[in-house]
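What you see is a predicted model; the values in this text were computed from it and never measured.
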Amino acid sequence: PLVLMITFSVFVGIIAPKYSPIWPDPVPYLKAASNKGGEEGAGNGVAKVGYGTDDSRLGGPFIGDDSIVFRSEAVEKSYWKVETKEHYTGKGWIPSESTPFRIGGEELIPVFPIPSTVETRDESASLFMFMDYDHLIYPAGIQRAQFQRDYILEIDSTKEKISILNGFDSSPIAPDSYSIEYKVPKYQAAELRETITADPAQIDSEFLARYTQLPDNLPDRVKELAESITEKETNWFDKAKAVERYFGGAGFTYSQSDVAVPGETDDYVDQFLFETKIGYCDNFSTSMAVLL
(Lines give C-alpha, C1' and ligand atoms only; values in the text may rest on other atoms or scores of the structure.)
Protein backbone atom coordinates (compact mmCIF):
# COMPACT_ATOMS: atom_id res chain seq x y z
CA PRO A 1 0.00 0.00 0.00
CA LEU A 2 2.83 2.44 0.79
CA VAL A 3 4.42 1.90 -2.63
CA LEU A 4 1.05 2.45 -4.31
CA MET A 5 0.49 5.65 -2.34
CA ILE A 6 3.93 7.04 -3.24
CA THR A 7 3.51 6.08 -6.89
CA PHE A 8 0.08 7.73 -7.05
CA SER A 9 1.36 10.90 -5.35
CA VAL A 10 4.30 11.18 -7.77
CA PHE A 11 1.95 10.62 -10.73
CA VAL A 12 -0.43 13.35 -9.54
CA GLY A 13 2.48 15.70 -8.93
CA ILE A 14 3.75 15.21 -12.49
CA ILE A 15 0.43 15.72 -14.29
CA ALA A 16 -0.96 18.48 -12.05
CA PRO A 17 -0.79 22.12 -13.32
CA LYS A 18 2.18 24.10 -12.05
CA TYR A 19 1.96 27.57 -10.52
CA SER A 20 4.61 30.19 -11.13
CA PRO A 21 7.06 30.63 -8.24
CA ILE A 22 6.03 33.31 -5.75
CA TRP A 23 9.67 34.23 -5.10
CA PRO A 24 12.24 35.46 -7.64
CA ASP A 25 15.16 33.30 -8.63
CA PRO A 26 17.22 33.15 -5.38
CA VAL A 27 20.56 32.33 -7.00
CA PRO A 28 21.62 35.94 -7.84
CA TYR A 29 20.70 37.11 -4.37
CA LEU A 30 22.57 34.28 -2.66
CA LYS A 31 25.63 35.07 -4.78
CA ALA A 32 25.34 38.74 -3.92
CA ALA A 33 25.03 38.00 -0.22
CA SER A 34 28.10 35.78 -0.26
CA ASN A 35 30.44 37.93 -2.36
CA LYS A 36 28.61 41.28 -2.41
CA GLY A 37 27.28 40.87 -5.93
CA GLY A 38 30.50 40.44 -7.87
CA GLU A 39 33.74 38.55 -8.02
CA GLU A 40 35.70 41.40 -6.46
CA GLY A 41 32.94 43.88 -5.78
CA ALA A 42 32.61 45.94 -2.65
CA GLY A 43 28.92 46.79 -2.88
CA ASN A 44 26.26 46.37 -0.26
CA GLY A 45 24.77 43.06 -1.44
CA VAL A 46 21.10 42.78 -2.40
CA ALA A 47 19.09 45.97 -2.27
CA LYS A 48 15.33 46.38 -2.02
CA VAL A 49 13.72 48.91 -4.31
CA GLY A 50 12.57 52.15 -2.70
CA TYR A 51 13.66 55.65 -1.82
CA GLY A 52 16.94 55.90 0.05
CA THR A 53 19.43 58.64 0.74
CA ASP A 54 22.59 56.69 -0.14
CA ASP A 55 23.40 56.23 -3.85
CA SER A 56 27.16 56.24 -3.41
CA ARG A 57 27.59 52.54 -4.29
CA LEU A 58 25.46 51.40 -7.22
CA GLY A 59 25.21 47.96 -8.79
CA GLY A 60 24.11 44.46 -7.90
CA PRO A 61 20.65 42.86 -7.99
CA PHE A 62 17.62 44.09 -6.10
CA ILE A 63 14.36 42.58 -4.92
CA GLY A 64 11.31 44.23 -6.49
CA ASP A 65 8.64 45.74 -4.25
CA ASP A 66 5.20 46.60 -5.63
CA SER A 67 4.03 48.45 -2.52
CA ILE A 68 2.15 51.65 -3.36
CA VAL A 69 4.03 54.77 -2.30
CA PHE A 70 1.49 57.43 -3.22
CA ARG A 71 -1.52 58.12 -5.42
CA SER A 72 -1.95 61.29 -7.45
CA GLU A 73 -4.98 62.98 -8.94
CA ALA A 74 -3.94 65.21 -11.83
CA VAL A 75 -4.92 66.02 -15.41
CA GLU A 76 -1.90 64.20 -16.85
CA LYS A 77 1.12 62.14 -15.88
CA SER A 78 4.05 63.90 -14.26
CA TYR A 79 7.66 63.09 -13.47
CA TRP A 80 7.68 63.10 -9.67
CA LYS A 81 10.85 64.19 -7.90
CA VAL A 82 12.33 63.85 -4.41
CA GLU A 83 15.93 65.03 -4.59
CA THR A 84 18.92 65.50 -6.89
CA LYS A 85 22.50 64.30 -6.66
CA GLU A 86 24.91 65.85 -9.15
CA HIS A 87 28.37 64.51 -8.26
CA TYR A 88 29.34 61.25 -10.02
CA THR A 89 32.23 59.44 -8.30
CA GLY A 90 32.77 56.45 -10.58
CA LYS A 91 30.87 54.19 -8.17
CA GLY A 92 27.67 56.16 -7.67
CA TRP A 93 26.25 59.60 -6.85
CA ILE A 94 26.73 61.96 -3.91
CA PRO A 95 25.32 65.46 -3.34
CA SER A 96 27.41 68.56 -2.85
CA GLU A 97 27.50 70.31 0.50
CA SER A 98 24.53 72.60 1.02
CA THR A 99 22.85 74.88 3.54
CA PRO A 100 19.06 74.38 3.80
CA PHE A 101 16.76 77.31 4.52
CA ARG A 102 13.12 77.57 5.53
CA ILE A 103 10.10 79.31 4.06
CA GLY A 104 6.52 79.82 5.18
CA GLY A 105 3.64 77.83 3.81
CA GLU A 106 2.30 80.54 1.50
CA GLU A 107 5.61 81.47 -0.16
CA LEU A 108 6.71 80.42 -3.64
CA ILE A 109 9.01 77.39 -3.59
CA PRO A 110 12.38 78.45 -5.10
CA VAL A 111 13.59 75.21 -6.73
CA PHE A 112 15.08 76.02 -10.16
CA PRO A 113 12.07 77.78 -11.70
CA ILE A 114 11.29 77.42 -15.39
CA PRO A 115 12.87 80.25 -17.44
CA SER A 116 10.51 83.17 -18.07
CA THR A 117 11.01 82.83 -21.82
CA VAL A 118 9.34 79.40 -21.83
CA GLU A 119 5.58 79.18 -22.33
CA THR A 120 3.79 77.48 -19.41
CA ARG A 121 0.32 76.63 -18.16
CA ASP A 122 -0.88 76.37 -14.55
CA GLU A 123 -1.88 72.98 -13.16
CA SER A 124 -2.61 71.44 -9.77
CA ALA A 125 -2.60 67.93 -8.32
CA SER A 126 -3.61 66.15 -5.13
CA LEU A 127 -1.33 63.54 -3.57
CA PHE A 128 -2.36 60.82 -1.13
CA MET A 129 0.51 59.16 0.72
CA PHE A 130 0.73 55.47 1.59
CA MET A 131 4.14 55.74 3.29
CA ASP A 132 5.35 58.07 6.03
CA TYR A 133 7.74 60.35 4.15
CA ASP A 134 8.56 63.76 5.62
CA HIS A 135 9.75 65.11 2.26
CA LEU A 136 7.72 66.55 -0.58
CA ILE A 137 7.08 64.50 -3.73
CA TYR A 138 6.70 67.11 -6.44
CA PRO A 139 6.83 67.75 -10.21
CA ALA A 140 9.12 70.12 -12.08
CA GLY A 141 7.80 73.67 -12.06
CA ILE A 142 6.37 73.44 -8.53
CA GLN A 143 5.03 76.72 -7.16
CA ARG A 144 3.25 76.02 -3.86
CA ALA A 145 2.12 73.18 -1.59
CA GLN A 146 -0.93 73.12 0.65
CA PHE A 147 -1.52 70.92 3.71
CA GLN A 148 -4.35 70.52 6.18
CA ARG A 149 -2.21 71.85 9.03
CA ASP A 150 0.25 74.60 9.84
CA TYR A 151 3.64 73.81 8.32
CA ILE A 152 7.08 75.07 7.25
CA LEU A 153 9.10 73.89 4.25
CA GLU A 154 12.84 73.37 4.59
CA ILE A 155 14.45 73.86 1.17
CA ASP A 156 17.76 72.32 0.19
CA SER A 157 18.19 74.00 -3.19
CA THR A 158 21.41 72.11 -4.00
CA LYS A 159 19.74 68.72 -3.56
CA GLU A 160 16.36 70.10 -4.71
CA LYS A 161 14.94 68.36 -1.64
CA ILE A 162 11.96 69.83 0.21
CA SER A 163 11.32 68.64 3.77
CA ILE A 164 8.01 69.20 5.58
CA LEU A 165 8.16 70.55 9.14
CA ASN A 166 5.55 71.24 11.76
CA GLY A 167 4.73 74.93 11.94
CA PHE A 168 4.69 74.90 15.75
CA ASP A 169 7.90 73.16 16.81
CA SER A 170 9.70 72.57 13.46
CA SER A 171 9.62 68.78 13.89
CA PRO A 172 9.38 66.63 10.72
CA ILE A 173 5.86 65.64 9.69
CA ALA A 174 4.58 63.02 7.24
CA PRO A 175 1.19 64.19 5.95
CA ASP A 176 -1.46 61.77 4.70
CA SER A 177 -2.29 64.04 1.77
CA TYR A 178 -1.55 67.43 0.27
CA SER A 179 -2.11 69.44 -2.91
CA ILE A 180 0.42 71.22 -5.10
CA GLU A 181 0.37 73.97 -7.69
CA TYR A 182 2.87 73.83 -10.53
CA LYS A 183 3.61 75.08 -14.02
CA VAL A 184 3.88 72.77 -17.02
CA PRO A 185 6.39 74.00 -19.65
CA LYS A 186 5.79 73.79 -23.38
CA TYR A 187 9.09 73.44 -25.20
CA GLN A 188 9.45 73.75 -28.97
CA ALA A 189 11.87 71.28 -30.56
CA ALA A 190 12.82 73.88 -33.18
CA GLU A 191 13.87 76.30 -30.44
CA LEU A 192 15.75 73.61 -28.53
CA ARG A 193 17.74 72.81 -31.67
CA GLU A 194 19.08 76.38 -31.69
CA THR A 195 21.28 75.61 -28.66
CA ILE A 196 24.77 74.72 -29.82
CA THR A 197 26.81 76.16 -26.94
CA ALA A 198 26.36 77.41 -23.37
CA ASP A 199 24.94 80.93 -23.25
CA PRO A 200 26.63 82.78 -20.35
CA ALA A 201 23.50 84.90 -19.97
CA GLN A 202 21.44 81.79 -19.12
CA ILE A 203 23.98 79.27 -17.77
CA ASP A 204 26.77 80.61 -15.58
CA SER A 205 30.12 78.84 -15.45
CA GLU A 206 29.68 77.60 -11.87
CA PHE A 207 26.34 75.98 -12.70
CA LEU A 208 27.76 74.38 -15.86
CA ALA A 209 30.84 73.02 -14.08
CA ARG A 210 28.72 71.58 -11.29
CA TYR A 211 26.35 69.67 -13.56
CA THR A 212 28.99 68.47 -16.04
CA GLN A 213 31.43 67.23 -13.39
CA LEU A 214 33.12 63.87 -14.07
CA PRO A 215 35.83 62.03 -12.12
CA ASP A 216 39.40 62.41 -13.37
CA ASN A 217 39.82 58.64 -13.65
CA LEU A 218 36.80 58.11 -15.92
CA PRO A 219 38.07 55.80 -18.71
CA ASP A 220 38.79 57.63 -21.97
CA ARG A 221 36.66 55.22 -23.97
CA VAL A 222 33.51 56.58 -22.29
CA LYS A 223 34.20 60.06 -23.71
CA GLU A 224 35.19 58.56 -27.07
CA LEU A 225 31.89 56.66 -27.21
CA ALA A 226 29.90 59.83 -26.44
CA GLU A 227 31.71 61.69 -29.23
CA SER A 228 31.15 58.88 -31.74
CA ILE A 229 27.43 58.64 -30.94
CA THR A 230 26.89 62.39 -31.41
CA GLU A 231 29.44 63.26 -34.10
CA LYS A 232 26.81 63.70 -36.84
CA GLU A 233 24.66 66.10 -34.79
CA THR A 234 25.21 69.86 -34.61
CA ASN A 235 23.05 70.93 -31.63
CA TRP A 236 22.52 69.85 -28.04
CA PHE A 237 18.95 68.60 -28.54
CA ASP A 238 19.81 66.19 -31.34
CA LYS A 239 22.96 65.07 -29.50
CA ALA A 240 20.84 64.21 -26.46
CA LYS A 241 18.34 62.32 -28.63
CA ALA A 242 21.18 60.38 -30.25
CA VAL A 243 22.47 59.26 -26.84
CA GLU A 244 18.93 58.31 -25.83
CA ARG A 245 18.48 56.19 -28.97
CA TYR A 246 21.80 54.43 -28.36
CA PHE A 247 20.41 52.63 -25.31
CA GLY A 248 17.55 51.24 -27.38
CA GLY A 249 20.05 49.13 -29.30
CA ALA A 250 23.71 48.15 -29.06
CA GLY A 251 22.80 44.94 -27.21
CA PHE A 252 21.62 46.43 -23.90
CA THR A 253 19.36 44.28 -21.71
CA TYR A 254 17.15 45.22 -18.77
CA SER A 255 17.51 42.97 -15.71
CA GLN A 256 16.96 43.30 -11.97
CA SER A 257 18.88 40.17 -11.01
CA ASP A 258 21.89 39.52 -13.26
CA VAL A 259 23.56 42.86 -12.48
CA ALA A 260 27.25 43.27 -11.71
CA VAL A 261 28.82 45.30 -8.91
CA PRO A 262 31.95 47.22 -9.97
CA GLY A 263 35.21 46.08 -8.43
CA GLU A 264 37.63 48.48 -6.78
CA THR A 265 39.26 49.40 -10.10
CA ASP A 266 36.05 49.42 -12.18
CA ASP A 267 34.01 52.44 -13.15
CA TYR A 268 30.25 51.81 -12.80
CA VAL A 269 29.35 53.40 -16.15
CA ASP A 270 32.32 51.99 -18.05
CA GLN A 271 31.53 48.47 -16.83
CA PHE A 272 27.90 48.74 -17.99
CA LEU A 273 28.65 50.36 -21.37
CA PHE A 274 31.46 48.08 -22.48
CA GLU A 275 31.42 44.86 -20.46
CA THR A 276 28.04 43.75 -19.08
CA LYS A 277 25.37 45.82 -20.92
CA ILE A 278 22.91 44.36 -18.41
CA GLY A 279 21.21 46.44 -15.75
CA TYR A 280 18.18 48.40 -14.58
CA CYS A 281 17.22 52.08 -14.26
CA ASP A 282 20.33 53.11 -12.27
CA ASN A 283 22.63 51.69 -14.94
CA PHE A 284 20.81 53.28 -17.87
CA SER A 285 20.15 56.70 -16.31
CA THR A 286 23.64 57.11 -14.83
CA SER A 287 25.30 56.05 -18.08
CA MET A 288 23.17 58.44 -20.12
CA ALA A 289 23.92 61.32 -17.74
CA VAL A 290 27.65 60.65 -17.93
CA LEU A 291 27.63 60.38 -21.73
CA LEU A 292 25.71 63.66 -21.98
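- Considering OG of Ser205 and CD1 of Ile203, their distance stands at 11.0 Å, rounded to 0.5 Å.
- Residue Thr276 comes nearest to Ala260 through the heavy atom pair CG2-CB, 3.9 Å, listed as atom of the first residue, atom of the second, then distance.
- The closest side-chain heavy-atom distance from Ser157 to Val111 is not below 4.5 Å.
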**Asked** Yes or no on side-chain hydrogen bond (donor to acceptor under 3.5 Å, both in side chains) for Ser163 and Asp134, after CA distance, side-chain angles and deciding distance?
**Response** CA-CA 6 Å; Ser163 300; Asp134 57 12; 5.4 Å; no
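- You'll find the ring centres of Tyr254 and Tyr280 outside the 6.0 Å limit.
- Residues Glu160 and Lys81 form a side-chain contact, since some pair of their non-hydrogen atoms from C-beta on lies under 4.5 Å apart.
- Hydrophobic cluster of Ile152: the remaining members, joined at side-chain heavy-atom separations below 4.5 Å, are Leu165, listed by chain and number.
- A heavy-atom distance below 4.5 Å is not found between the side chains of Glu83 and His135.
- Atom CG of Leu136 sits about 6.0 Å away from atom CD1 of Ile109, to the nearest 0.5 Å.
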**Item:** Audit row: Ser287, Val290, side-chain contact (heavy atoms from CB on, under 4.5 Å) steps and yes/no
**Value:** CA-CA 5 Å; Ser287 297; Val290 169; 5.9 Å; no
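- Side chains of Glu154 and Ser170 form no contact here, defined as non-hydrogen atoms less than 4.5 Å apart.
- Linking ILVMFWY residues whenever their side-chain heavy atoms come closer than 4.5 Å, directly or via other members, places Phe147 and Tyr138 in the same cluster.
- Residues Asp122 and Lys183 have side chains in contact (heavy-atom distance under 4.5 Å, counting atoms from C-beta outward).
- Going from atom OH of Tyr178 over to atom CG of Leu127 covers 5.0 Å, rounded to the nearest 0.5 Å.
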**Message:** Is there a side-chain contact (heavy atoms from CB on, under 4.5 Å) between Asp282 and Phe62? Walk through the geometry before answering.
**Reply:** CA-CA 11 Å; Asp282 285 342; Phe62 73 85; over 6 Å; no
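- When all heavy atoms of Val261 and Gly59 are compared, the closest pair comes out as CG2-C, 3.7 Å.
- The two atoms that bring Ser56 and Asp54 nearest to each other are OG-OD1, 2.6 Å, heavy atoms only.
- Side-chain atoms of Phe101 and Leu153, non-hydrogen and from C-beta on, never get closer than 4.5 Å to each other.
- Residues Tyr187 and Tyr182 fall into different hydrophobic clusters, defined by Ile, Leu, Val, Met, Phe, Trp and Tyr side chains chained together at heavy-atom separations under 4.5 Å.
- Asp258 contributes atom CG, which lies 9.5 Å from atom OG1 of Thr253 (distance to the nearest 0.5 angstrom).
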Determine all donor-acceptor pairs shorter than 3.5 Å in which one atom belongs to a side chain in residues 207-221; sequence neighbours excluded.
from	atom 1	to	atom 2	distance (Å)
Arg210	NE	Glu86	OE2	3.4
Arg210	NH2	Thr158	O	2.9
Thr212	OG1	Leu208	O	2.6
Gln213	OE1	Tyr88	N	2.9
Gln213	NE2	Tyr88	O	2.9
Arg221	NE	Asp270	OD1	2.7
Arg221	NH2	Asp270	OD2	2.9

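- Residue pairs meeting the side-chain hydrogen bond (donor to acceptor under 3.5 Å, both in side chains) criterion with at least one partner in residues 222-235, sequence neighbours excluded, are Asn235-Asp238.
- Listed here is the closest heavy atom pair of Phe284 and Gly279: CE1-O, 3.5 Å.
- Listed by chain and number, the residues in a side chain to side chain donor-acceptor pair (under 3.5 Å) with Thr286 are Trp93 (sequence neighbours excluded).
- Shortest non-hydrogen contact noted between Ile68 and Phe130 is O-CB, 3.2 Å.
- What you find for Ala250 and Lys277 is that their closest heavy atoms are O-NZ, 2.7 Å.
- Side-chain contact of Glu73 with Ser126: a donor-acceptor pair under 3.5 Å is absent, judged by distance alone.
- At least one side-chain heavy atom of Ile137 sits under 4.5 Å from a side-chain heavy atom of Trp80.
- Atom OG of Ser72 and atom CD1 of Ile180 lie 8.5 Å apart (nearest 0.5 Å).
- For the pair Leu108 and Arg144, the minimum side-chain heavy-atom distance is below 4.5 Å.
- A single hydrophobic cluster is not seen to contain both Tyr133 and Phe128; linkage of ILVMFWY side chains at heavy-atom distances under 4.5 Å, directly or through other members, places them apart.
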**Residues Thr89, Ile94; criterion side-chain contact (heavy atoms from CB on, under 4.5 Å); working and verdict** = CA-CA 7 Å; Thr89 64; Ile94 59 175; 3.9 Å; yes
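- Taking a 6.0 Å sphere around CD of Glu76, one finds it holds more than 12 heavy atoms contributed by other residues, nucleotides or ligands.
- Put simply, CD on Glu191 and CD on Glu119 are 9.0 Å apart, with the number rounded to the nearest 0.5 Å.
- Connection of Tyr268 to Ile278 is not established within any shared hydrophobic cluster, with ILVMFWY side chains joined at heavy-atom distances below 4.5 Å, either directly or through further cluster members.
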**Item:** Audit row: Ser96, Lys159, side-chain contact (heavy atoms from CB on, under 4.5 Å) steps and yes/no
**Value:** CA-CA 8 Å; Ser96 297; Lys159 298 178 183 177; over 6 Å; no
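- Ring geometry for Phe272 versus Phe252: interplanar angle of 30 to 60°, hence tilted.
- A search for salt bridge (Lys or Arg N to Asp or Glu O under 4.0 Å) contacts involving Lys91 returns nothing, not counting sequence neighbours.
- Geometrically, Arg193 does not engage Phe237 in a cation-pi contact defined by less than 6.0 Å to the ring centre and at most 45° from the axis.
- Among pairs with a residue in residues 243-252, those fulfilling side-chain hydrogen bond (donor to acceptor under 3.5 Å, both in side chains) read Lys241-Glu244, at least two apart in sequence or across chains.
- By the criterion of side-chain heavy atoms lying less than 4.5 angstrom apart, applied directly or through intervening Ile, Leu, Val, Met, Phe, Trp or Tyr residues, Val82 is grouped together with Met131 in one hydrophobic cluster.
- Within a 6.0 Å radius of CD1 in Ile196, no more than 12 heavy atoms belonging to other residues, nucleotides or ligands are found.
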